[in-house]
Amino acid sequence: MEKVTFNEEVKKTFKSIKKAENGKEDFFIPVYHHNQQIAFLKPLTKNNLMDNPTNHELIKLLTKWRNANSKWYPTVFEATEEGTKKWLNDQVINTDDRILFMVETVNGISFGHMGLYRGEADNFIRGRQDILAGGMTYALRAMLKWVFNDLNIDELFLRVFLDNEKAISFYKRCGFKEAYKIPLKKTKGKNEIKWEEITENNTDKAERYFSVMYISCKR
Ligand SMILES: CC(C)(COP(=O)(O)OP(=O)(O)OC[C@H]1O[C@@H](n2cnc3c(N)ncnc32)[C@H](O)[C@@H]1OP(=O)(O)O)[C@@H](O)C(=O)NCCC(=O)NCCS
């Protein structure tokens, strides 16, 4: 799949949201159900890189959730807290076309995350099953509203493994449609497994597929 990115205006918005420092957080997306606020989308910002007990808990949580869901990621490895901290610094907070939101109840309990990266919807995990059934659906709808109305993005893609039926029905519930499939091959490294797109013409060797899904603001 062709690599895309967000435009400069969108990157500027991500940067200004992520630069929140010294404990000051003023951006969040409210998540509503029947006109009642049930959750927040809270961006991960520079504040989350500070060395304090709250952030240690956050890194622990992200590591635990990543490991519990590794089979749904294109790169499968055993995440460590140190690695997660570095990833958050290098690949999220200091990457200009990426933003990641924690999904939190109104009482401040995190139960998942979701984000935007390189022109796509990205990194969806429900980390806790015992909180707010349907909460991720309402959270994604709130994020899409922000994407279309505030970021002025016209359409959004995502990649999901074709065998991830639960995630596919979740995305469909939020309005995404299946566009096409990408054949994948598995490569094994020393400490990781990677699912990579088969670029050559011979796609007979596909061991798994991505489904590329999209949603348009004109739907
Ligand atoms: C994809 C994922 C984030 C979706 O989370 P989720 O918990 O299914 O989403 P929701 O919070 O919206 O809950 C939906 C479930 O609650 C049910 N539900 C109950 N009340 C609901 C309501 N008011 N509105 C919507 N759904 C409701 C739905 O029927 C659905 O259950 P089902 O899947 O058994 O049909 C989650 O499955 C996950 O973390 N998967 C593993 C990681 C992963 O695959 N990520 C995607 C990689 S591309």
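Counting starts at 1 for both ligands and their atoms, following the listed order.
For the pair Lys11 and Glu8, the salt-bridge criterion is met [side-chain N within less than 4.0 Å of a carboxylate O]. By the 4.0 Å N-to-carboxylate-O rule, Glu120 lies close enough to Arg159 to be salt-bridged with it.
In this structure, Gly112 has no heavy atom closer than 4.0 Å to ligand 1. The shortest separation from a heavy atom of Tyr138 to ligand 1 is under 4.0 Å, placing the residue in contact. Ligand 1 is never approached by Gln129 to a heavy-atom distance shorter than 4.0 Å.
Considering Phe170, Phe111, Phe124, Phe161 only, the shortest heavy-atom separation from atom 43 (C) of ligand 1 involves Phe124. Nearest-heavy-atom check against atom 11 (O) of ligand 1 across Arg126, Arg159, Arg128 picks out Arg126. In the candidate list Asn164, Asn123, Ile168, Asn164 is nearest to atom 44 (O) of ligand 1, counting heavy atoms. Heavy-atom proximity to atom 28 (C) of ligand 1, evaluated over Glu165, Arg173, Glu120, is greatest for Arg173. With distances taken over non-hydrogen atoms, the option nearest atom 5 (O) of ligand 1 out of His34, Arg141, Met136 is Met136.
Of all the heavy atoms of Thr137, the ones lying under 4.0 Å from any atom of ligand 1 are found in both the backbone and the side chain.
Between the side chains of Glu196 and Thr187, a donor-acceptor pair is found at a separation under 3.5 Å.
Aromatic rings from Phe101 and Trp146 are positioned such that their centres are separated by under 6.0 Å. Proximity of the aromatic rings of Tyr117 and Phe6 is defined here by a centroid distance below 6.0 angstrom, and this criterion is not met.
A cation-pi arrangement is not found for Arg128 relative to Phe111, the charged atom failing to lie both closer than 6.0 Å to the ring centre and inside a 45° cone about the ring normal. A cation-pi arrangement is present between Arg208 and Phe161 under the rule of less than 6.0 angstrom and at most 45 degrees off the ring axis. A cation-pi arrangement is not found for Arg173 relative to Phe170, the charged atom failing to lie both closer than 6.0 Å to the ring centre and inside a 45° cone about the ring normal.
The protein heavy-atom contact nearest to atom 26 (N) of ligand 1 is Gly134 CA, 3.6 Å. In this structure, atom 19 (C) of ligand 1 lies nearest to the protein heavy atom Ala133 CB, 3.7 Å. Here the heavy atom of the protein found nearest to atom 32 (P) of ligand 1 is Lys166 NZ, 3.7 Å. The protein non-hydrogen atom at the shortest distance from atom 41 (C) of ligand 1 is Asn69 OD1, 3.1 Å. Given atom 47 (C) of ligand 1, the protein heavy atom at minimum distance is Tyr171 OH, 3.9 Å.
Between Leu41 and Met102, every side-chain heavy-atom pair lies at or beyond the 4.5 Å cut-off.
At least one N or O atom of Gly135, backbone or side chain, sits closer than 3.5 Å to an N or O atom of ligand 1.
In this structure, Arg66 contributes its side chain and Leu61 its backbone to no donor-acceptor pair below 3.5 Å.
When each atom of ligand 1 is checked for a heavy atom of Val160 under 4.0 Å away, the hits are 48 (S).
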Walk me through it: do Lys205 and Glu207 pass the test salt bridge (charged side-chain N to carboxylate O under 4.0 Å, His left out)?
CA-CA 6 Å; Lys205 294 195 184 83; Glu207 293 169 271; over 6 Å; no
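Per-atom contact check: atom 17 (C) of ligand 1 does not touch the protein, criterion being a heavy-atom distance below 4.0 Å.
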